[in-house]
Amino acid sequence: MEVKKLRGSDFVDGSCVWDITEKGITVILPKKLPKALPPHIPYIQTGIKKLDDYLGGGIVSGSRWLVNIDEISRYKMLLGSIFMERIKAGENFLCRLSPSTLVRDIEDYFSSQGYSLLEFARNGRIYFIEQYKRPVPEELMPFIIRAYDSMDVDLFTLIEEKTNIVGRIQAGEKWFLNYDLNVGIAYRSKQRVLDVIPELFSLERHLGITSFVTCHSERTDNELMAIMKKSADGIIEIWTDDYQYVQVMKSPNGVVSKPMIMEATDYSTVVTLL
């Protein structure tokens, strides 16, 4: 049975299991999870309408997101849209650079969207955590946090010295950050990451920071993946099988989506349902 609309629920559409009982036809919604956050908490749109529809309007401020990827998915296009919308909404960005991402790449993306990365940086809106000894544009050097020890809460001291993030959050500012879990494992060890993650998540929750953790699940230990999935408020999976697929597997509003296809040009992303 194909359900297009179900009165009294936020189910979008799709196939459902059903049964005929004494009370009539009973429809069982697929993968419906209990809501984790109250509906009055503000959302920020992702810039991708279909994704926002499933998430109830966007991504909740102060939530933690696990983004599962594979080796060839173009996940940066989707995250680029999410991050840009949060910056446009007034949030500040703490960007931890991955091995495959340079400051220049982010500068090019900002330019493609009609914005100046340097202007945002000079206004204290964006800082970069650089864990590799790579060249950085001279004009952006004041906004680089040099951190060659990856995935360590001690890094927070360096961040605070550079950004005064705690004082700014107490004054009412909102922040979001991103980091790559597999980079942390490669630079330290699985056990070190297991030790640090609970404290890091606790710190993020205490400060109300929205976080996005990218992870290649096939390269990550099952124990660590279980902890990450349990701790995350939302999980998005992105994979490639001829097409680029996106699926919401967990969300604060309790919705699990069906797979969507990601269409992408060089600097714009459109996500559509199959």
Side-chain angles (χ1 to χ4, degrees), residues 42-52 54-55 57-69 73-131 136-137 140 143-145 159 163 165 168-169 173-183 204 207-215 232-238 244 246 248 251-252 260 262-271:
Y43 294 81
I44 293 179
Q45 294 181 343
T46 65
I48 304 166
K49 185 180 184 305
K50 291 293 184 181
L51 191 56
D52 287 336
Y54 275 121
L55 298 178
I59 290 179
V60 178
S61 295
S63 58
R64 282 172 308 288
W65 288 79
L66 177 64
V67 183
N68 272 337
I69 63 174
S73 62
R74 298 185 66 183
Y75 67 94
K76 291 181 183 179
M77 307 305 298
L78 184 140
L79 289 181
S81 177
I82 293 174
F83 294 170
M84 182 58 71
E85 290 300 312
R86 302 196 79 81
I87 291 172
K88 287 159 59 176
E91 290 197 351
N92 302 322
F93 186 19
L94 189 57
C95 176
R96 189 159 191 164
L97 298 169
S98 70
S100 60
T101 303
L102 302 173
V103 173
R104 186 66 71 187
D105 297 330
I106 299 175
E107 188 172 33
D108 290 343
Y109 182 81
F110 270 67
S111 296
S112 75
Q113 302 298 308
Y115 294 94
S116 167
L117 177 64
L118 182 59
E119 181 178 348
F120 276 106
R122 284 175 173 168
N123 290 329
R125 298 284 313 284
I126 184 168
Y127 293 87
F128 300 95
I129 302 173
E130 176 60 279
Q131 50 205 7
V136 174
L140 290 170
F143 317 105
I144 303 296
I145 301 169
I159 296 172
T163 67
I165 187 171
R168 294 173 66 178
I169 288 174
E173 293 187 8
K174 298 290 185 181
W175 288 72
F176 71 99
L177 61 84
N178 75 296
Y179 49 91
D180 188 317
L181 186 67
N182 295 106
V183 171
E204 291 170 1
L207 294 175
I209 297 173
T210 309
S211 64
F212 299 88
V213 182
T214 55
C215 175
D233 296 306
I235 300 174
I236 296 175
E237 292 194 357
I238 307 172
Q244 300 275 317
V246 180
V248 179
S251 64
M260 297 172 279
M262 180 168 64
E263 285 186 320
T265 59
D266 288 342
Y267 288 107
S268 65
T269 301
V270 178
V271 175

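Throughout, numbering of the chain's residues begins at 1 and tracks the sequence. In what follows, every heavy atom counts, from backbone to side chain, and hydrogens, waters and symmetry copies are set aside. Predicted model only: the values in this text are computed from it and were never measured.
Residues Thr46 and Glu85 form no side-chain contact, since every pair of their non-hydrogen atoms from C-beta on lies 4.5 Å or further apart. The side-chain heavy atoms of Ile209 and Leu94, taken from C-beta on, include no pair separated by under 4.5 Å. The shortest distance between side-chain heavy atoms of Phe93 and Asn178 falls below 4.5 Å. Put simply, the side chain of Phe176 does not reach to within 4.5 Å of the side chain of Ile59, judged on heavy atoms. Counting heavy atoms from C-beta on, the side chains of Ser73 and Met262 never come closer than 4.5 Å. When side chains are defined from C-beta on, Lys50 does not count as touching Val246, because their heavy atoms never get closer than 4.5 Å. In this structure, Ile44 and Thr210 have side chains that are not in contact, with every pair of non-hydrogen atoms separated by 4.5 Å or more.
Thr101 contributes no side-chain N or O that, together with a main-chain N or O of Leu97, makes up a donor-acceptor pair within less than 3.5 Å. Between the Glu173 side chain and the Asn92 main chain, no donor and acceptor come within less than 3.5 Å of each other.
Remark: Glu130 CD to Leu140 CG distance equals 12.0 Å, nearest 0.5 Å. Taking CG of Asn68 as the reference point, atom CD1 of Ile235 lies at 7.0 Å (rounded to 0.5 Å). Remark: Cys95 SG to Leu117 CG distance equals 9.0 Å, nearest 0.5 Å. Between atom NZ of residue Lys88 and atom CD of residue Gln113 there is a gap of 7.0 Å, rounded to the nearest 0.5 Å. Atoms CD1 and CH2, from Ile82 and Trp65 in turn, are 8.0 Å apart once rounded to the nearest 0.5 Å. For the atom pair CG of Leu78 and CZ of Phe83, the computed distance is 9.5 Å after rounding to the nearest 0.5 Å.
Residues Met260 and Leu51 share a closest heavy-atom pair of CE-CD1, 4.1 Å. Between Leu118 and Phe143 the shortest heavy-atom distance is CD1-CE1, 4.3 Å. Contact between Cys215 and Leu66 at its shortest, heavy atoms only, is CB-CD1, 3.9 Å. In plain terms, the two heavy atoms of Ser81 and Tyr109 that are nearest each other are N-OH, 3.3 Å. Nearest heavy atoms, Ile106 versus Phe128: CD1-CE2, 3.6 Å. Nearest heavy-atom pair, Gly57 versus Tyr43, reported as atom, atom and distance to 0.1 Å: C-CB, 4.1 Å.
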Stepwise side chain to side chain contact (heavy atoms under 4.5 Å, CB included) test for Trp175 and Arg168: CA-CA 9 Å; Trp175 288 72; Arg168 294 173 66 178; 3.6 Å; yes
Residues Leu79, Thr214; criterion side chain to side chain contact (heavy atoms under 4.5 Å, CB included); working and verdict: CA-CA 10 Å; Leu79 289 181; Thr214 55; 3.6 Å; yes
Side chain to side chain contact (heavy atoms under 4.5 Å, CB included) between Glu204 and Leu177, intermediate numbers included: CA-CA 9 Å; Glu204 291 170 1; Leu177 61 84; 4.0 Å; yes
Intermediate values then yes/no, side chain to side chain contact (heavy atoms under 4.5 Å, CB included), Arg86 and Phe212: CA-CA 12 Å; Arg86 302 196 79 81; Phe212 299 88; 4.0 Å; yes
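Applying the ring pair (Phe, Tyr, Trp, His ring centres under 6.0 Å) criterion to Phe110, with sequence neighbours excluded, gives Phe120.
Under the salt bridge (Lys or Arg N to Asp or Glu O under 4.0 Å) criterion, no residue pair touches residues 110-128, with sequence neighbours excluded.
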